[in-house]
Amino acid sequence: MTDTYTKAVNTGMTKTLAKKLGLPRPALLRRHQPGAPLTVGPVLVVSDAASQESAAAVAATLDGWGLTVARQDDDATRWGAVVVVLTDVARPADASTAVLSLPGALKRLAPNGRVVTVSRAAAPGDAPELAAVRQGVDGFLRSLAKELRAGATANGIQLADDAAADHPSARAALRFFLSAKSAYVDGQLLTVSAANGWFLYPADAWDRPLEGKVAVVTGAARGIGAAIAKTLARDGATVVCVDVPAAGEGLARTANAVRGTALQLDVTAPDAGEKILAHARTRHGGLDVVVHNAGITRDKLLANMDAARWDSVVAVNVEAQLRINETLLAAAAAGDLDGLRIVSLASTSGIAGNRGQTNYAFTKAGVVGHTAATATLLAAHGGTANAVAPGFIETEMTQHIPFATRQVARRLSSLLQGGEPVDVAEAVAFLASPGAVGITGQTLRVCGQNLVGR
Ligand code: NAD
């Protein structure tokens with residue numbers, strides 16, 4: 001589904017012409033293929049003087065994954081990835097050596113290369129100089145992401161609660177950011193906490209981390225939901241596909257494709273949570289992952305807004321999630337649903353705002369809000385709740401946007417193109433995976449570093 005312009009500027013004569021005219025040339029993004037190498041080349045790990053120990057732990061992790069790892073640039077290697085470890089840097093002036101060792105390596109970063117920072121999250125008790133450098137990494141990372149070209153991305157891991165650089169969730173996040181699974185995630189930071197338990201990742205589980213798990217995906221008949229169902233199934237999950245009866249044909253198609261089951265259900269039904277839980281338990285013996293993906297748009301300027309448009313969007317996009325979560329939380333409190341993973345679909349519209357979408361943005365910002373609150377409640381039962389906020393994704397929903405607006409929306413990101421449903425699905429699958437246990441209450445943008453919002 002690569003858009004026509006991106007295809008044209010990457011093929012034959014039109015590629016030469018685009019080069020000559022100096023037109024923006026979105027890269028063809030490398031996406032996950034089973035069996036393909038994790039990175040597009042060797043990995044360089046650099047750090048400031050104080051973070052040597054963490055850097056050694058990161059290098060050992062990468063080495064354990066069979067990657068070629070170096071601790072120093074050599075003026076010749078075309079790097080597949082650069083990992084910048086700043087976990088123990090004490091003040092802004094101390095970051096110089098690590099940062100200023102990067103320019104040469106960045107010039108030789110391969111197309112679809114990766115930069116990942118590993119640092120510590122700023123915490124309330126930090127001394128001012130420590131808070132400055134920790135927060136500084138945030139601005140550094142987001143700016144560097146905007147400087148990279150040719151499909152390369154930069155993302156960051158922020159360790160919290162004394163999590164070590166090789167905490168299982170830090171390793172899982174590092175692997176996700178380095179891989180082609182994060183093709184459309186750019187300029188984002190994830191916080192990894194040690195507070196939410198410790199999960200020893202089986203060394204061979206990277207290909208099928210959801211083996212033996214049961215996952216429910218709402219809105220699975222088409223678009224992003226269908227891609228999520230397929231990706232979770234690829235990762236080993238048995239998938240229950242949920243959609244409205246009117247979408248029965250698409251629903252059956254997805255359920256067949258993933259060898260899962262179909263549940264025709266309007267998520268706004270008052271007993272939707274009970275129905276989902278009962279279906280998962282009776283047909284598959286349990287429930288481990290719930291993905292709230294069903295969503296609608298009914299765009300109108302607020303000056304022209306009517307109750308039908310406002311209330312239907314609120315009902316599907318946020319109230320249904322809240323009500324289903326209440327049922328799930330009650331089951332968790334009864335001791336029946338330990339370790340549950342909830343991943344909800346937000347949107348960059350809910351973060352940055354979007355003209356004509358007060359109703360939609362209200363609900364999507366609401367998802368960001370309830371995700372953080374639900375995370376706290378689920379933590380007591382070993383569960384996590386996270387949200388994924390897609391930017392512009394090529395689906396039927398976005399095909400309805402007028403042509404000119406659609407073109408602008410696509411190009412207004414660091415990667416100069418829209419994402420694919422699978423890009424959102426990969427982020428959801430990562431957050432649902434056992435390795436992501438230390439990541440909770442967060443909203444991960446999958447937007448190619450869309451230039452709107454934070
Ligand atoms: P889509 O319209 O292609 O698919 C949505 C699916 O949800 C449909 O199959 C629909 O039948 C189902 N659905 C709607 N109401 C339902 C209900 N009451 N009960 C059960 N199922 C219901 O949308 P999409 O583009 O695939 O988007 C999926 C999610 O991602 C939505 O939450 C959307 O808001 C979000 N999102 C999409 C984009 C994008 O660019 N496409 C951007 C940001 C966020």
Side-chain angles (χ1 to χ4, degrees), residues 1 3 184-185 216-231 240-255 262-273 275-276 279 290-299 311-324 343-354 357 359-368 371 387-401 405-406 409-410 412-413 417-425 427-428 443-448 450 452-453:
M1 272 255 283
D3 69 87
Y184 200 59
V185 180
V216 168
V217 181
T218 69
R222 65 179 204 187
I224 294 172
I228 294 170
K230 287 173 191 164
T231 306
V240 177
C241 304
V242 176
D243 213 301
V244 287
E249 210 176 299
L251 181 63
R253 214 174 17 249
T254 310
L263 172 61
Q264 291 194 0
L265 175 71
D266 184 329
V267 292
T268 63
D271 60 349
K275 288 221 163 99
I276 285 170
H279 180 103
V290 173
V291 183
H292 292 298
N293 163 79
I296 58 170
T297 49
R298 296 288 181 271
D299 298 356
D311 289 338
S312 58
V313 171
V314 170
V316 177
N317 292 7
V318 65
E319 284 289 354
Q321 295 189 8
L322 287 169
R323 209 156 323 104
I324 293 168
V343 186
S344 304
L345 270 286
S347 164
T348 49
S349 293
I351 296 168
N354 199 14
Q357 290 200 316
N359 52 354
Y360 185 73
F362 175 70
T363 63
K364 294 300 186 180
V367 169
V368 174
T371 294
V388 169
F392 185 94
I393 306 296
E394 307 282 354
T395 67
E396 278 185 50
M397 193 185 251
T398 49
Q399 287 303 312
H400 296 302
I401 300 173
T405 319
R406 194 158 19 114
R410 273 191 189 122
L412 276 184
S413 71
Q417 60 195 288
E420 304 282 337
V422 72
D423 298 327
V424 181
V428 170
T443 297
L444 175 61
R445 285 175 60 148
V446 181
C447 66
N450 198 306
V452 296

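Keep in mind the model is a prediction, meaning the values are calculated, not measured. FYI, side chains are in, hydrogens and waters are out, and symmetry mates aren't considered; it's all heavy atoms of this structure. Whatever order the structure lists ligands and atoms in, that order sets their numbers, starting from 1.
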Roughly how far, to the nearest 0.5 Å, is [atom2] of [Y] from [atom1] of [X]?
X: Leu251; Y: Asp243; atom1: CG; atom2: CG; result: 5.5 Å
X: Gln321; Y: Asn293; atom1: CD; atom2: CG; result: 9.0 Å
X: Ser413; Y: Arg445; atom1: OG; atom2: CZ; result: 10.0 Å
X: His400; Y: Thr297; atom1: NE2; atom2: OG1; result: 8.0 Å
X: Ile351; Y: Cys447; atom1: CD1; atom2: SG; result: 7.5 Å

What do you reckon, does [X] have a nitrogen or oxygen under 3.5 Å from a nitrogen or oxygen of ligand 1?
X: Thr395; answer: yes
X: Ala346; answer: no
X: Leu345; answer: no
X: Arg222; answer: yes
X: Ile224; answer: yes

State the atoms of ligand 1, each with its element, that fall below the 4.0 Å cut-off from a heavy-atom position in [X].
X: Gly223; result: 26 (O)
X: Ile296; result: 14 (C), 15 (N)
X: Gly219; result: 6 (C), 7 (O), 12 (C)
X: Ser347; result: 43 (C), 44 (C)
X: Val316; result: 15 (N), 18 (N)
X: Ala221; result: 9 (O)
X: Thr398; result: 39 (C), 40 (O), 41 (N)

Subject >> Pro421 versus Ala227, closest heavy-atom pair with distance >> reply: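 Distance-wise, the nearest heavy atoms are CB-CB, 3.7 Å.
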
Backbone N or O of [Y] within a donor-acceptor pair of the [X] side chain at under 3.5 Å?
X: Lys275; Y: Ala269; value: no
X: Asn359; Y: Arg298; value: yes
X: Thr218; Y: Ala294; value: yes
X: Thr254; Y: Ala220; value: yes
X: Thr398; Y: Ile393; value: yes

Just to confirm my output: which protein heavy-atom neighbour is closest to [atom], and how far is it?
atom: atom 42 (C) of ligand 1; value: Gly391 O, 3.1 Å
atom: atom 23 (O) of ligand 1; value: Met397 CE, 3.7 Å
atom: atom 18 (N) of ligand 1; value: Asp266 OD1, 2.8 Å
atom: atom 34 (O) of ligand 1; value: Tyr360 OH, 2.5 Å
atom: atom 43 (C) of ligand 1; value: Pro390 O, 3.4 Å
atom: atom 32 (O) of ligand 1; value: Asn293 O, 2.8 Å
atom: atom 22 (C) of ligand 1; value: Ala294 CB, 3.6 Å
atom: atom 11 (O) of ligand 1; value: Asp243 OD1, 2.6 Å

Original post:
So do Glu394 and Gln417 actually touch side chain to side chain, heavy atoms under 4.5 Å?
Top reply: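 No - every pair of side-chain heavy atoms lies 4.5 Å or more apart.
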
Original post:
Just one of Asn317, Val244, Ile324 clears the side-chain contact (heavy atoms from CB on, under 4.5 Å) bar with Val267, so which one?
Top reply: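 For Val267, the side-chain contact (heavy atoms from CB on, under 4.5 Å) test succeeds with only one of Asn317, Val244, Ile324, which is Ile324.
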
**OP:** Kindly determine whether Leu265 and Ile276 satisfy side-chain contact (heavy atoms from CB on, under 4.5 Å), including the steps that lead there.
**Re:** CA-CA 9 Å; Leu265 175 71; Ile276 285 170; 3.8 Å; yes

Original post:
So, does Lys364 sit close enough to ligand 1 that a heavy atom of it is under 4.0 Å from the ligand?
Top reply: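 Within the 4.0 Å threshold, so yes.
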
Original post:
Can you find a non-hydrogen atom of Leu265 under 4.0 Å from ligand 1?
Top reply: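 Within the 4.0 Å threshold, so yes.
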
**OP:** Closest by any non-hydrogen atom to atom 19 (N) of ligand 1: pick that one out of Val424, Val267, Leu251.
**Re:**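 Shortest heavy-atom distance from atom 19 (N) of ligand 1: Val267.
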
